[in-house]
Amino acid sequence: IQGKTILDAATEEELEEALLSADVSYETVEKIFERIRESRQHADGVQAALKETLAGMMGANTSQEIATGDTPPTVVFVAGVNGVGKTTSIAKLAYMYTQQGKQVLLAAADTFRAAAIDQLEIWAQRVGCQIVKHAPGADPAAVVFDSVSAAKARGVDIVIVDTAGRLHTRSNLMEELKKITRAVEKANGRGPDETLLVLDATTGQNAISQAREFLSAVDITGLVLAKMDSSARGGTVISISDELGVPVKLVGTGEQLDDLKVFNPEEFVESLFA
Amino acid sequence: SLTSRLQGVFDRLRGRGALTEKDVDEALKEVRRALLEADVNFKVVKEFVTHVREKAVGQDVLESLSAAQQVVKFVRDEMVALLGQSDPRLKGADSPPSVILLAGLNGAGKTTTAGKLALRMKSEGKRPLLVAADIHRPAAAKQLATLAEQVGVPVHTPLSSDTAVGVARDGVALARRESLDPVIVDLAGRQHADEDLMRELAEVSRATSPSEVLLVLDAMTGQDAVNTALEFGRHVPITGFVLTKMDADARGGAAISIRQVTGHPIKFVGISEKMDGLEPFHPDRMAGRILG
Ligand SMILES: Nc1nc2c(ncn2[C@@H]2O[C@H](COP(=O)(O)OP(=O)(O)OP(=O)(O)O)[C@@H](O)[C@H]2O)c(=O)[nH]1
Ligand SMILES: Nc1nc2c(ncn2[C@@H]2O[C@H](COP(=O)(O)OP(=O)(O)OP(=O)(O)O)[C@@H](O)[C@H]2O)c(=O)[nH]1
Ligand SMILES: [Mg+2]
Ligand SMILES: [Mg+2]
């Protein structure tokens, strides 16, 4: 569409397919076209109109910063459905903070899945950060309470909470999630400073219902888009940002500790059409 | 729902007699929308809709609800035909032990499925061996060993210096010595663009001559399901699919895409995190779910 000031039928179809193949929802594609057509003869061409529309939907002015609490420790709470990349993203975030000279403590609050605690423990060793864990099967809320209390006592800067994967359709698991976040409040006098929902970039339209359901259960303040090193382009986050106002903050681009980047909306829009 | 949206379309067309191409196109726009919203790959949707269009033009629009139901029934029947049979049987090797490889993207559910398959084989009177050939992910062997203990099946885990091929080979040798059959090999998750890991996968397959290579795919996978199925299929002889996390509310359109594009059967679906959460694939149930 470079250089065009009007959208012809053939270009429209091509653009539509590019967006749909990137997992942008049908509804959002229609909305994008409405907005481009409204600015029908955009002075700087269709490409500019498109970028402007997408930037607007992605909340161009919202911050990609991870929040910092008024008093330490800052608590970052991580949630999401099964297998999306929570534990690995937490390891990467812990590494990022450790590189910045911060003291990090991981709360091994996935007490359910086989070898979940072992997995996080190995990551803590590799990062060189602290970890608080209980026995498998223990109450995750108790792990969180102990972790945050320990962090306060030891003057730790950041606590990152790992939780078990859970389907947004399981109301009992969503209730458990609320209970675990309340444990942060009990220990720290306030809820988590940042609650990140991890999404798998290869997931289709279900990502939108995941975001909607998790947001109705807990105060999701940001998204981590993991596995963006796949050929999937994660277009569902456009709908999530536009409809629910939740910004993408971090992007996972591989399985190693340094495979985490701060989200860049312009780069993301470029990659949609790669 | 698709039926109510189609009813709206046919309300506007009622009393016009036979469906013209333009009428059918309007109805098919709704079918297209439903399939895209269900994560069916956009190219597959195009082909599917073209196929449906050929059959639909010329039919009479009698009463709008029955016309809508007619189209939905027609689309559903085409979908069921496309999705194939319900056949959970796994092929055995000419001489034991049979080897089943589990491959797929990161986090798809391979390790969990390995445990479930082992339990299923055991309940069929077999003596399976689980092999923890994921040497990459932290605590992967421990995860599989824990599941093996839960289902009461032996497991072969790696020595510290092992390669994936080494572990897989040793597992098959152990099975042969101990008369265990089948050998269920759990492998590391990988992206199809990762050349080194795709090479590793191909090597494991060549070294173990599996009678089944199951691609484990998350039911909520979006448009990329086609790339995944095709690319993995280029490196190993995929014999079937397992669709996991079907207990979520994803419509599962990836099932249509991978069937259309590879022709391989969907053998099982994962319906929970528990070891008994594996069921044979049912095309009629899947079609109903995709159409919402
Ligand atoms: N290629 C790639 N793999 C990733 C990325 N993030 C995580 N993974 C992999 O995805 C798989 C699952 O990651 P986990 O961190 O265990 O996911 P999880 O959400 O904690 O899973 P559960 O706790 O079981 O729900 C592992 O193989 C990770 O190495 C990423 O950005 N890129
Ligand atoms: N609800 C549900 N969860 C499942 C199902 N299958 C697997 N899981 C969960 O999905 C997450 C990932 O499963 P794994 O078996 O670790 O996935 P994997 O493919 O082995 O992951 P990698 O080895 O890292 O690529 C875990 O939390 C599992 O409990 C299923 O059918 N339903
Ligand atoms: Mg985890
Ligand atoms: Mg695994």
Side-chain angles (χ1 to χ4, degrees), chain A residues 16-27 29-30 81-88 91 112-123 125-126 136 164-170 200-210 213 226-227 229-236 252 254-255, chain B residues 32-43 45-46 105-112 115 136-147 149-150 188-194 197 217-228 231 244-245 247-254 272-273:
Chain A
E16 188 200 40
E17 295 198 337
L19 292 169
L20 288 173
S21 66
D23 287 310
V24 180
S25 77
Y26 188 95
E27 203 172 315
V29 171
E30 285 196 329
V81 305
N82 306 74
V84 290
K86 298 178 291 300
T87 305
T88 311
F112 173 73
R113 204 208 69 211
I117 299 169
D118 303 81
Q119 183 187 7
L120 191 67
E121 235 182 327
I122 292 172
W123 280 121
Q125 286 165 17
R126 290 182 186 179
R166 67 199 65 228
L167 295 182
H168 50 295
T169 46
R170 293 274 308 269
D200 184 331
T202 66
T203 299
Q205 298 310 303
N206 198 252
I208 304 173
S209 34
Q210 289 174 26
E213 291 306 314
K227 306 177 196 169
D229 48 315
S230 73
S231 53
R233 276 160 286 150
T236 55
E255 299 189 70
Chain B
R32 177 177 186 256
R33 175 178 193 151
L35 295 177
L36 287 171
E37 287 176 349
D39 290 324
V40 182
N41 184 273
F42 79 102
K43 286 193 189 134
V45 172
K46 219 172 186 168
L105 298 174
N106 301 84
K110 297 173 293 300
T111 305
T112 309
H136 301 285
R137 171 173 156 153
K142 177 123 198 257
Q143 184 185 1
L144 189 66
T146 305
L147 299 182
E149 188 178 357
Q150 278 178 24
R190 65 206 66 217
Q191 295 300 323
H192 51 79
D194 189 325
L197 286 181
L217 190 75
D218 195 324
M220 50 185 97
T221 307
Q223 296 289 308
D224 204 56
V226 166
N227 287 342
T228 300
E231 284 303 305
T244 59
K245 307 176 205 171
D247 42 323
D249 57 352
R251 300 261 292 273
S272 84
E273 284 188 85

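None of the values given here were measured: they were computed from a predicted structure.
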key: Shortest non-hydrogen contact between A/Glu255 and B/Gly189, atoms and distance   = OE2-O, 4.1 Å
ask   = Is chain A contacted by the side chain of B/Leu105, its backbone, both, or neither, given a heavy-atom distance below 4.5 Å?
value = side chain
query = Checking heavy atoms, do the side chain of A/Glu16, its backbone, both or neither come under 4.5 Å from chain B?
reply = side chain
Flag side-chain contact, heavy atom, 4.5 Å: A/Gln119 against B/Arg137 = yes
Options B/Leu147, B/Asn41, B/Asp247, B/Asp218, ranked by heavy-atom pairs under 4.5 Å with chain A, top entry = B/Asp247
key: Proximal component of B/Arg251, with respect to chain A [non-hydrogen, under 4.5 Å]   = neither
task = Identify which part of B/Asn106 has an atom lying under 4.5 Å from any heavy atom of chain A, answering side chain, backbone, both or neither.
result = both
inquiry  = Taking side chain as everything from C-beta outward and backbone as N, CA, C, O, which of these in A/Glu121 sits under 4.5 Å from a heavy atom of chain B? Side chain, backbone, both or neither.
reply    = neither
A/Ala114 to B/Gln143 - nearest heavy-atom pair and separation = O-CG, 3.5 Å
ask   = Taking atom CD of B/Gln191 and atom OG of A/Ser230, what is their separation to the nearest 0.5 Å?
value = 5.0 Å
note = Taking every heavy atom of A/Ile122 against every heavy atom of B/Ala139, the minimum-distance pair comes out as CD1-N, 3.6 Å
Minimum heavy-atom distance between B/Met220 and A/Leu167, given as atom pair plus value = CE-CD2, 4.4 Å
task = Measure distances from B/Glu231 to the heavy atoms of chain A and classify the residue's part below 4.5 Å as side chain, backbone, both or neither.
result = neither
task = Determine yes or no for a side-chain-to-main-chain donor-acceptor pair under 3.5 angstrom, with B/Lys142 supplying the side chain and A/Asp118 the backbone.
result = no
remark   = Whatever's closer than 4.5 Å to a heavy atom in chain B on A/Val81 counts as side chain
Partner set under side-chain hydrogen bond (donor to acceptor under 3.5 Å, both in side chains) for A/Asp200, not counting sequence neighbours = A/Thr202, A/Lys227
ask   = For A/Glu30, is it the side chain, the backbone, both or neither that has a heavy atom under 4.5 Å from a heavy atom of chain B?
value = side chain
query = Nearest 0.5 Å, what's the CG-CD distance between B/Leu36 and A/Glu27?
reply = 13.0 Å
remark   = Shortest non-hydrogen pair, B/Ala248 vs A/Thr169, comes out as CA-OG1, 4.1 Å
inquiry  = Within this structure, what is the CG-CG distance for the pair A/Asp229 and B/Asp194, rounded to the nearest 0.5 Å?
reply    = 8.5 Å
key: Heavy-atom proximity to chain A below 4.5 Å, by part of B/Lys46   = side chain
request  = Can you tell which part of A/Arg170 gets under 4.5 Å to a heavy atom of chain B, answering side chain, backbone, both or neither?
outcome  = neither
query = CZ/A/Arg113 to CD/B/Glu273 distance, rounded to the nearest 0.5 angstrom?
reply = 9.0 Å
ask   = Quick one: does B/Asp249's side chain have a donor or acceptor within less than 3.5 Å of a partner on A/Asn206's backbone?
value = no
message = Does B/Glu149, at its CD atom, have more than 12 non-hydrogen atoms belonging to other residues, nucleotides or ligands within less than 6.0 Å?
response = no
Options B/Asn227, B/Leu144, B/Thr244, B/Asp224, ranked by heavy-atom pairs under 4.5 Å with chain A, top entry = B/Asp224
